[in-house]
Amino acid sequence: MAGPLEQFEIKPIIAIEIGALDLSFTNSAAFMVAAVGGSALFLGLCMSGRALVPTRWQSLAEMIYEVVANMIRDNVGSEGRAYFPFIFTLFVFVLFSNLIGMVPGSFTTTSHLIVTFALAAAIFVGVTLIGIFRHGLKFLSLFFPHGAPWWTAFILVPVELVSYLSRPVSLSVRLFANMTVGHVLLKVIAGFIALLGIFGALPFLFLIPLTALEIGIAVLQAYIFTILSCVYLHDALHLH
Amino acid sequence: MPQFDPQYFASQIFWLAVSFAILYWLMARFVLPRIAEVLEERSERIADDLEKAETLKTEAEAVIEAYEAALAKARGEASGLLAKAAQEIAEVSAQRQAEFAAALAKKTQAAEDRIATAKQEATAQVRDIAVDAARAITDRLVGAAPDEAAAAAEVDTALKGTG
């Protein structure tokens, strides 16, 4: 029987090597493409009616739109509208990657630290550049709380700097860890079903609510990932 | 864990970038404008309907106002007519009453005059009868009637005394 970590293994489908770089099209890449195609197809089909009074499916697509729009309005402000397509894409990409990963036998792209870290690092670098372009040297005031006595800078600046630099790490590890642990847990408990024979009904019954919980976590983590990106964007735009 | 095997790191980052870019393009180019269009159309439609309702409400209010104004005017006119009619009636009745009172007074006067005349006549007749009676009685008692003038004088004196 497959071990609980086998589901995370990456297998090349089409080997591509450019110079020394191995850019093979793997199962991970295939599921990224599936998330892209799936989400685009889903939203496109949901909105195909363009009805004034929406159908259930259209309401769903509109709801995702409204959720992201509200997230930006509440956390970034009116200036965040320019970043709406990016934030929306981010939310949809992470959401569909997480949810497609819940399909038995599939691959969860967001359970790989390198993927979540690449996303988080890109957001971190982008947000930092936005802050620097907008505020110039004043951007550095982000590392010193407004109104604190000047001599506290010796303590506060390093603390704030470390906390700022750890943002991409915490952002990526949170998503990666949640996805990995959830899938390992499901796999381990599913393994007991076969091992216990007739008593396998017990872990099976436990597996049902656990799967529902994992689907909830998949949605929640996509939401958290996106909302934290919004908060970071807000800091870069408004400096506290 | 397979997650920490760096063999496919470059591949994952590359395909992540490619797929994310494609999704961004699809969303920004097709999906988001379509949703935004539908939502905007709906909110416009709602705002339009609300506006229409507001206009209709204002119109209804204007109609009610006009109706009430007309009602108040009619009521005013009616009360004016009523007051005028009442005044006319009062005038006519006062006039008639005055006419009647005048006629009554005239009749009363005539009657009083008639009564006075009758009384005078009666008094004169009573005197004549008294004179005649006095003469007749005296004649029976004494056997000689006093002459008429003396008897009249006595009767006049007696009438004045009782008078």
Side-chain angles (χ1 to χ4, degrees), chain A residues 5-12 16 18 20-26 28-37 39-40 43-44 46-54 58 61-62 64-66 69 84-86 88-90 92-93 96-97 109 111-115 117-119 122 176 180 184, chain B residues 1-70:
Chain A
L5 292 179
E6 242 182 79
Q7 54 179 324
F8 303 118
E9 250 159 44
I10 289 180
K11 299 163 197 118
I16 303 169
I18 296 171
L21 278 177
D22 182 358
L23 299 181
S24 300
F25 189 82
T26 60
S28 165
F31 277 96
M32 285 177 194
V33 171
V36 169
S39 56
L43 292 171
C46 283
M47 293 308 295
S48 61
R50 296 180 189 230
L52 197 64
V53 178
Q58 192 182 323
E62 285 174 9
I64 296 174
Y65 184 97
E66 300 275 8
F84 178 65
F86 176 79
F88 186 85
T89 308
L90 183 67
V92 164
F93 186 80
F96 275 79
S97 297
T109 55
S111 69
H112 273 255
L113 184 58
I114 188 66
V115 173
F117 186 75
L119 269 178
F176 148 75
T180 304
V184 168
Chain B
M1 279 175 97
Q3 278 93 332
F4 301 112
D5 174 13
Q7 191 193 346
Y8 291 111
F9 278 7
S11 151
Q12 276 173 293
I13 293 172
F14 174 76
W15 288 106
L16 172 69
V18 169
S19 52
F20 195 90
I22 292 171
L23 185 65
Y24 181 87
W25 179 74
L26 285 172
M27 292 294 127
R29 179 81 180 73
F30 301 105
V31 172
L32 291 177
R34 184 178 285 192
I35 300 179
E37 189 188 313
V38 168
L39 290 179
E40 197 162 315
E41 205 173 294
R42 183 174 311 145
S43 70
E44 253 172 37
R45 175 74 181 272
I46 289 169
D48 204 44
D49 283 358
L50 278 179
E51 204 177 313
K52 212 180 274 170
E54 191 65 36
T55 319
L56 286 175
K57 198 182 155 206
T58 321
E59 256 172 43
E61 270 169 7
V63 167
I64 287 172
E65 218 168 282
Y67 166 77
E68 263 167 14

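All of these numbers come straight from a predicted model, not from anything done at the bench.
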If you compare all heavy atoms of A:Ala29 against all heavy atoms of B:Trp15, which two are closest, and at what distance to 0.1 Å? CB-CG, 3.4 Å
Leading residue by heavy atom contact count with chain B [cutoff under 4.5 Å; candidates A:Val33, A:Val53, A:Val36, A:Thr26]: A:Val36
Which bit of A:Leu113 is near chain B, if near means a heavy-atom gap under 4.5 Å: side chain, backbone, both or neither? both
Going by heavy atoms in the side chains, are B:Leu39 and A:Glu66 under 4.5 Å from each other? yes
Check each atom of A:Ala51 against the heavy atoms of chain B and say whether the ones under 4.5 Å are side chain, backbone, both or neither. backbone
Would a 4.5 Å heavy-atom cut-off, applied to side chains only, mark B:Phe20 and A:Phe86 as touching? yes
Are the aromatic rings of B:Phe4 and A:Phe8 close, with centres under 6.0 Å apart? no
Using a cut-off of under 4.5 Å on heavy-atom pairs, state which of B:Met1, B:Gln7, B:Arg42, B:Glu37 scores highest against chain A. B:Arg42
Between A:Thr180, A:Leu52, A:Ile16, which shows the greatest number of heavy-atom pairs under 4.5 Å with chain B? A:Leu52
Less than 4.5 Å apart, side chain to side chain, heavy atoms only: is that true for A:Phe93 and B:Leu16? yes
In terms of heavy-atom contacts, B:Gln12 and A:Met32 come closest through O-CE, 3.7 Å
Indicate the atoms forming the closest heavy-atom contact of A:Ser48 with B:Arg34, along with that distance. CA-NH1, 3.5 Å
Hey, are the side chains of A:Ile114 and B:Gln3 touching, using non-hydrogen atoms and a 4.5 Å cut-off? no
By a 4.5 Å heavy-atom criterion (distance strictly below it), what part of A:Phe25 contacts chain B: side chain, backbone, both, or neither? both
For B:Ala17, is it the side chain, the backbone, both, or neither that has a heavy atom closer than 4.5 Å to a heavy atom of chain A? neither
Which of the residues A:Ala118, A:Ser97, A:Pro85 is involved in the greatest number of heavy-atom pairs with chain B at under 4.5 angstrom? A:Pro85
Relative to chain A, which of B:Ala10, B:Ser19, B:Ala36 shows the most heavy atom pairs under 4.5 Å? B:Ser19
Can you name the residues of residues 22-29 of chain B that have some heavy atom under 4.5 Å away from a heavy atom in chain A? B:Ile22, B:Leu23, B:Tyr24, B:Leu26, B:Met27, B:Ala28
If you tally heavy-atom pairs under 4.5 Å against chain B, which of A:Gly37, A:Ala61, A:Gly44, A:Ser111 wins? A:Ser111
In this structure, CZ of B:Phe14 is separated from CG of A:Leu23 (nearest 0.5 Å) by 5.5 Å
